[in-house]
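Report on the following structure.
In what follows, every chain begins at residue 1, and chains take the letters A, B, ... in the order their sequences are listed.
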Amino acid sequence: MARIVVGMSGGVDSSVAALLLHRAGHEVIGVFMKNWEETDADGVCTAEADWADVRAVCDGIGIPYYSVNFAQEYRDRVFSYFLEEYQAGRTPNPDVLCNREIKFKAFLDFALKLGAEHLATGHFARIGEARERRTLLRGVDANKDQSYFLHMLGQNALGKAMFPVGGLTKAEVREIARQENLPTCNKKDSTGICFIGERDFKQFLQTYLPAQPGDMRELDTGRVVGRHDGLMYHTLGQRRGLDIGGCGDGRSWFVVGKDLTNNVLLVAQGEDHSALYTTGALAIQETWVAGEPPVGLGTPFRCTAKYRYRQPDQAVTILRTAEGLRVTADDPQRAVTPGQSVVLYDGDVCLGGGVIDHMW
RNA sequence: UGGGGUGUCGCCAAGCGGUAAGGCACGGGACUUUGACUCCCGCAUUCGUAGGUUCGAAUCCUGCCACCCCAG
C-alpha cells in the first residue's frame with residue numbers, strides 16, 4: 001500500500017493504469033497535466049475534453065484528482081529546443097525530451113512533493129532490475145511498445161516510475177476499461193506532439209518561425225525542379241508536400257538533403273534512390289538508462305537499434321568515440337535524420353540512445 | 001507574314017470513328033504519443049475554340065485562337 005500519483009492524459013492507457021493500481025490497494029491520486037495553452041487551428045481545445053475524461057474516470061474508480069500546469073516548463077525545456085532545432089535545419093523529437101524534462105522531472109518532483117512514493121503513467125514499457133540497477137524494458141505488446149520515447153530516462157526516474165499497463169497488450173487494456181465501464185474505453189489513441197496534439201505541421205511551425213523560400217534542386221543533376229517555402233517544412237525521406245509533378249521519369253520525389261548555406265532543398269527521384277540510404281551515423285548527447293555506457297571508449301559493441309519509433313530492430317555495432325557514438329548498421333537504413341533519436345536495445349532491455357548528428 | 005508542328009485533369013502522358021488509360025501532384029482516410037515512410041480511397045460527362053460530316057468524333061473536315069520550330 002503506497003501513495004501513487006498517476007499521470008492521467010484522459011486516454012485509456014492511463015485510465016487503466018490508475019484502475020489497476022487502485023485495485024491493487026494503493027492510494028492513488030490522478031493528476032492531469034495541462035502543458036499547452038493554445039487551442040488548435042480550429043479553435044478546439046482538446047485539453048478541456050481530456051480533463052473532463054480524467055475527472056469522469058477518477059470519479060468512476062473512486063480516486064481523487066488534480067490538474068497541474070507545466071506550460072511554462074514545457075516551453076522552456078522542450079518547445080524552445082524544438083524550435084531551435086528546426087531553425088538549425090534538423091528534425092527534433094520533442095516527445096523524448098518531454099518525457100525526460102517534464103513527465104519524469106518536473107512532474108515527478110511535483111508527485112514526490114505530494115508525498116507519493118511513485119509516479120505511474122500509461123506507457124507501454126516495463127521496468128526491470130539487473131545488478132542493483134533499474135532497467136527499462138520493452139512493453140509486452142510489441143506493436144505498442146513505447147520504450148523508444150522513454151530511452152532518456154535514468155536511474156533516478158526509473159526508481160520512482162511505474163508502468164502498470166506495460167505488461168498488457170493494447171487489446172487487454174481496452175478490455176479492462178470496457179469491463180469497468182471507464183468512459184475512455186473506446187477513445188481513439190491520441191497522436192501528434194505530446195500535449196500539443198495533431199496539427200497541420202506547416203501551419204503550426206509558421207506561427208513560430210520565419211521561413212525563407214528557396215529552390216529545390218535534383219541532387220544528381222543540380223537542376224532546379226521546384227521551389228520550397230522553407231527548409232524547416234521538410235525532413236529527410238519525405239515525399240509529400242514537394243509538389244513536383246510531371247517532371248523526370250514519373251516516379252515520386254523525396255527529400256534527400258538540405259543545403260543550409262544556399263537554402264536549397266535537395267531532392268531525388270525514386271523511393272530506392274541511393275541517397276536515401278546510409279549505414280553509418282554519429283549520435284551525440286548519448287544517454288544511458290543504466291547511468292553509464294555498456295562499454296568503454298573504443299570497444300565495439302553489438303546490439304540492435306531503432307532509428308525511429310516503431311521501426312523493427314536493426315542489428316548494429318556501436319563504437320564510443322570522443323566525438324560521439326558511432327552507430328553502424330548491418331543493413332542500409334532509410335532516411336536516417338539529424339535531430340532524431342537512435343535508441344539502442346540489448347534484447348528487451350533499452351540501453352539508451354543518442355541524437356543523430358550526421359550520417360555517411 | 002511564308003512553310004512545318006502542337007494544343008487531352010495542376011504537371012507528364014495514352015488515345016488514331018464507338019462513347020476519356022496510367023504516372024506525378026493534390027485532397028480525404030487508415031496507421032502512428034515526434035517529424036516522416038507506408039497503405040487505402042478520391043480526382044476531366046470532357047478533350048484550345050466555333051461550326052460541319054456521321055447513328056455515333058478527343059479521334060474526319062473547315063474557320064478562328066494560342067504556343068513552338070524553320071525561313072526571313
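- The partner of G27(B), taking Watson-Crick or G-U wobble pairs whose two distances both stay under 3.5 Å, is C41(B).
- Between the CD atom of Q333(A) and the P atom of C37(B) there is a distance of 17 Å, given to the nearest Å.
- Comparing A25(B), G35(B), U33(B) by their closest approach to the side chain of F201(A) singles out G35(B).
- Of the candidates V173(A), L21(A), V16(A), I4(A), P164(A) forms a side-chain contact (heavy atoms from CB on, under 4.5 Å) with just one, namely L21(A).
- The distance from atom CG of D229(A) to atom P of C26(B) is 12 Å, rounded to the nearest whole Å.
- The residue R334(A) sits close only to the backbone: its heavy atoms come under 4.0 Å of sugar-phosphate atoms, none of a base.
- Ion pairing between R223(A) and D215(A) fails under the 4.0 Å rule for side-chain N and carboxylate O.
- Using bins of under 30°, 30° to 60° and over 60° for the plane-to-plane angle, the ring pair W51(A)/Y65(A) lands in the perpendicular bin.
- Nucleic acid contact class of T91(A) (heavy atoms, under 4.0 Å, all strands): base.
- The OH atom of Y233(A) sits 17 Å away from the C1' atom of A36(B) (whole-angstrom rounding).
- Nucleic acid contact class of D13(A) (heavy atoms, under 4.0 Å, all strands): none.
- Distance NZ (K306(A)) to P (C37(B)): 20 Å, rounded to an integer number of Å.
- With a cut-off of 3.5 Å on both pairing distances, A13(B) has no Watson-Crick or G-U wobble partner at all.
- Residue E271(A) contributes atom CD, which lies 14 Å from atom P of G23(B) at whole-angstrom precision.
- At a threshold of 4.0 angstrom between heavy atoms, the contacts of Y309(A) include nucleobase atoms, whether or not backbone atoms are also involved.
- In a base pair of the Watson-Crick type (N1 to N3 plus N6-O4 or O6-N4) or a G-U wobble (N1-O2 and O6-N3), with each distance short of 3.5 Å, C67(B) is matched with G5(B).
- Applying the 4.0 Å criterion to OP1 and OP2 of U38(B), one finds that R239(A) has a side-chain N or O inside that range.
- Within the 4.0 angstrom heavy-atom criterion, no nucleotide atom of any strand lies near G122(A).
- A 4.5 Å side-chain heavy-atom check between V256(A) and L236(A) finds every atom pair outside the cut-off.
- Residue L242(A) is classed as a sugar-phosphate contact, given heavy-atom separations below 4.0 Å to backbone atoms only.
- A close approach under 4.0 Å does occur between a side-chain nitrogen or oxygen of K144(A) and OP1 or OP2 of U33(B).
- Judged by Watson-Crick or G-U wobble contacts below 3.5 Å, the nucleotide U53(B) has no partner.
- We find that CG of D243(A) is positioned 8 Å from P of G27(B), with the value rounded to whole Å.
- Using a 4.0 Å heavy-atom cutoff across all strands shown, S9(A) reaches no nucleic acid atom at all.
- Classification of the F163(A)-H123(A) ring pair by plane angle, with boundaries at 30° and 60°, yields perpendicular.
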